[in-house]
Each structure stands twice: as structure tokens, then as C-alpha cells.
Amino acid sequence: MTHHEGDLRAPDGARFAILASRWNPRIVDALVEGARHAFAAHAVSAEAVDVVRVPGAWELPQAAARLTRDDRYAGIVALGCVVRGDTRHYEHVADECASGLMRVALDSGVPIANGVLAVERHEDAAARAGGSHGNKGEEAVLVVIEMAHLFWKFS
């Protein structure tokens with residue numbers, strides 16, 4: 001029986017994108033910094049990573065779809081933060097963002113790590129953006145590097 005899995009080595013010459021929302025900048029900026037740190041810690045140079053900013057989480061899937069069109073990127077890390085408010089807007093944005101990112105990943109074949117936080121309170125987001133629950137930007141990078149390596153093995 002053959003066993004296949006990726007590891008945390010980026011394929012030679014691979015480029016990656018960090019696609020990040022500008023909404024909730026204190027949280028998202030911490031996620032972006034965590035992602036940059038994780039790429040560097042896994043031998044992906046800063047020159048091989050592009051940061052693309054969009055207004056909010058709603059725009060992330062559309063931007064991801066555009067970034068996957070020309071096979072430039074071996075993987076995309078999507079980062080954002082949606083905090084529950086007094087309206088149903090939270091559910092619409094968080095759910096549709098996740099669904100859209102998955103659709104783009106499946107349609108394009110490019111690994112997309114969903115590092116978009118969907119939380120009840122700003123304190124919950126801070127805990128996941130370098131606080132007591134780690135940094136989800138870093139975790140998303142680990143996912144996208146491993147998936148890019150796995151897909152490279154099959155190319």
C-alpha cells in the first residue's frame with residue numbers, strides 16, 4: 001500500500017499569497033504577521049510571498065478566485081475576522097466567506113487555507129491572533145505549505 005502526504009517543505013520555486021481583510025485591522029494584522037513569521041520559519045523567503053489586502057471577509061473569495069486564475073501561486077492563506085454583532089450579518093459574511101473559499105479551492109485546485117476567524121467577541125479573536133490560543137495565521141500557513149507539497153508530489 002502506498003502512503004502519500006505532504007510535509008512542511010515548500011516546493012522549489014513556489015510562490016504563496018497571504019490574502020487578508022482590512023476589517024478588524026488589529027486582529028487581522030496580527031494574523032498576517034503570524035503568517036509571515038511561519039513562512040519564514042519554513043524557509044519560504046519574503047520575496048516568494050505576496051500580501052493582498054481586500055476591504056472585508058466578504059471580498060476574500062472573489063479575490064482568491066482572481067489570484068488562482070494564472071497558476072502563479074502554489075497556495076493561498078486567507079485571513080480575516082468576523083465578530084458577531086446584533087444582526088444576522090455575521091452569519092451571512094462568515095458562512096458565505098467559508099463556502100466561497102472552499103468553492104474556489106475545489107474549482108481551481110489551488111490549496112486555500114481558511115484563516116478567517118468567526119468569533120463571538122473581540123477577546124475571542126485576540127486569543128486566536130497571537131494570544132492564549134496561538135495564531136491562526138501561523139496555523140493556516142502550515143496547512144497551505146503541507147497541501148502545496150502534497151499537490152506538488154502528484155504533479
Side-chain angles (χ1 to χ4, degrees), residues 4-83 92-119 122 124-131 133-155:
H4 299 279
E5 65 181 286
D7 62 32
L8 293 175
R9 291 177 295 154
D12 290 338
R15 293 194 60 75
F16 295 91
I18 298 171
L19 177 57
S21 160
R22 286 193 310 269
W23 195 258
N24 289 313
R26 185 175 57 86
I27 298 299
V28 179
D29 290 350
L31 295 172
V32 169
E33 284 310 307
R36 286 180 170 166
H37 173 76
F39 275 125
H42 289 87
V44 177
S45 72
E47 292 77 29
V49 179
D50 295 327
V51 177
V52 178
R53 297 304 279 247
V54 298
W58 185 260
E59 292 76 27
L60 290 169
Q62 182 178 9
R66 178 61 187 92
L67 292 177
T68 62
R69 284 190 194 146
D70 60 8
D71 295 325
R72 177 183 306 178
Y73 299 107
I76 297 171
V77 174
L79 302 173
C81 179
V82 184
V83 180
H92 294 299
V93 173
D95 293 348
E96 294 304 322
C97 176
S99 295
L101 290 172
M102 178 56 77
R103 191 176 102 219
V104 172
L106 292 172
D107 290 349
S108 70
V110 175
I112 299 175
N114 183 353
V116 179
L117 303 178
V119 297
H122 285 279
D124 300 328
R128 289 160 179 79
H133 293 292
N135 188 304
K136 301 304 176 191
E138 290 178 8
E139 293 175 17
V141 166
L142 300 181
V143 168
V144 85
I145 290 174
E146 182 175 340
M147 292 300 291
H149 186 260
L150 177 64
F151 288 8
W152 171 77
K153 288 170 101 175
F154 289 126
S155 62

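For H42, the side chain to side chain contact (heavy atoms under 4.5 Å, CB included) test picks out L8, L142, I145, with sequence neighbours left out. With sequence neighbours excluded, the residues forming a salt bridge (Lys or Arg N to Asp or Glu O under 4.0 Å) with E139 are K136, listed by chain and number. With sequence neighbours excluded, the residues that form a salt bridge (Lys or Arg N to Asp or Glu O under 4.0 Å) with D7 are R9. Legend: residues meeting side chain to side chain donor-acceptor pair (under 3.5 Å) with Q62, ordered by chain and number and at least two apart, are absent. In this structure D12 satisfies the salt bridge (Lys or Arg N to Asp or Glu O under 4.0 Å) test with no other residue, sequence neighbours excluded. Under the side chain to side chain contact (heavy atoms under 4.5 Å, CB included) criterion, A41 pairs with no residue, sequence neighbours left out.
Side-chain atoms of F16 and V44, non-hydrogen and from C-beta on, do get closer than 4.5 Å to each other.
In terms of modelled atom types and a separation under 3.5 Å, the side chain of N135 and the main chain of A30 share a donor-acceptor contact.
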List, one per line, each side-chain donor-acceptor pair under 3.5 Å for residues 49-58, sequence neighbours excluded.
residue, atom, partner, partner atom, Å
D50, OD1, R15, NH2, 2.7
D50, OD2, R15, NH2, 3.0
D50, OD2, Y73, OH, 2.6
R53, NH2, S21, O, 3.4
R53, NH2, D29, OD1, 2.7

Side-chain donor-acceptor contacts of residues 110-117 below 3.5 Å, not counting sequence neighbours, with atom names and distances?
residue, atom, partner, partner atom, Å
N114, OD1, V116, N, 2.9

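The two residues V119 and A125 make their nearest non-hydrogen contact at CG2-CB, 3.8 Å. When all heavy atoms are compared, the tightest approach of H122 to N24 is CE1-OD1, 3.3 Å. Closest heavy-atom contact between A48 and A14: CB-O, 3.6 Å. In terms of heavy atoms, V32 sits closest to A20 at CG2-CB, 3.6 Å. Across C97 and P61, no two heavy atoms sit closer than the pair O-CG, 3.6 Å. What you find for L19 and A63 is that their closest heavy atoms are CD1-CB, 3.7 Å.
Between the CG atom in D107 and the CE atom in M102 there is a gap of 11.0 Å [rounded to 0.5 Å].
Applying the side-chain hydrogen bond (donor to acceptor under 3.5 Å, both in side chains) test to residues at least two apart or on different chains, the pairs with a partner in residues 92-106 are R88-H92. Residue pairs meeting the ring pair (Phe, Tyr, Trp, His ring centres under 6.0 Å) criterion with at least one partner in residues 135-155, sequence neighbours excluded, are H4-F154, H149-W152. Residue pairs meeting the salt bridge (charged side-chain N to carboxylate O under 4.0 Å, His left out) criterion with at least one partner in residues 60-71, sequence neighbours excluded, are D70-R72. Screening residues 31-49 for salt bridge (charged side-chain N to carboxylate O under 4.0 Å, His left out) gives E33-R36 as the qualifying pairs, with residues at least two apart or on separate chains.
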